[in-house]
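For reference, the structure discussed in these notes is given below.
Quick note: numbers below take in every heavy atom, side chains included, and nothing from hydrogens, waters or symmetry partners.
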Amino acid sequence: MIFMHTCLTFTRPVLIIHGEADRVVPISYSRRAARYYAQATLHPIPGAGHGFYGRNEQVAIQLMLAFLSQSQSNL
């Protein structure tokens with residue numbers, strides 16, 4: 001319940017990156033979190049597992065840099 005309360009009351013932008021092939025944490029968790037946060041953006045990475053390596057790591061880094069750049073310009 002604390003997690004849900006935090007999601008519902010947090011008003012800043014949130015970036016969620018999740019590997020679609022994650023066998024540790026189901027992507028349904030991130031999809032649910034994206035619905036609860038007011039300003040969440042979910043970016044599933046096709047074929048990526050839990051943790052990102054190689055090409056998937058580069059995709060995640062580019063998503064984070066774009067998110068931070070956009071967030072910075074909105075301050």
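Cluster annotation: Tyr29 is not connected to Ile27 through the hydrophobic network of ILVMFWY side chains, with a link wherever side-chain heavy atoms come within less than 4.5 Å.
Rounded to the nearest 0.5 angstrom, Met64 CE and Leu68 CG are separated by 8.5 Å. Between the CG atom in Asn56 and the CD atom in Glu20 there is a gap of 10.5 Å [rounded to 0.5 Å]. For the atom pair CG (Leu63) and CD1 (Ile16), the distance works out to 12.5 Å, reported to the nearest 0.5 Å. With rounding to the nearest 0.5 angstrom, the OH atom of Tyr37 is 13.5 Å from the CZ atom of Arg12.
Proximity of Ile17 to Leu15: side-chain heavy atoms (C-beta onward) are separated by under 4.5 Å at one or more points. Looking at His18 and Ile45, their side chains never come closer than 4.5 Å, going by heavy atoms from C-beta outward. The closest side-chain heavy-atom distance from Pro13 to Thr41 is not below 4.5 Å. Proximity of Gln62 to Leu65: side-chain heavy atoms (C-beta onward) are separated by under 4.5 Å at one or more points.
Closest heavy-atom contact between Ala60 and Phe52: CB-CD1, 3.7 Å. Closest approach of Ser30 to Leu42, counting heavy atoms only: CB-CD1, 3.9 Å.
Distance alone, capped at 3.5 Å, is enough to place a donor-acceptor pair between the Gln39 side chain and the Thr11 backbone.
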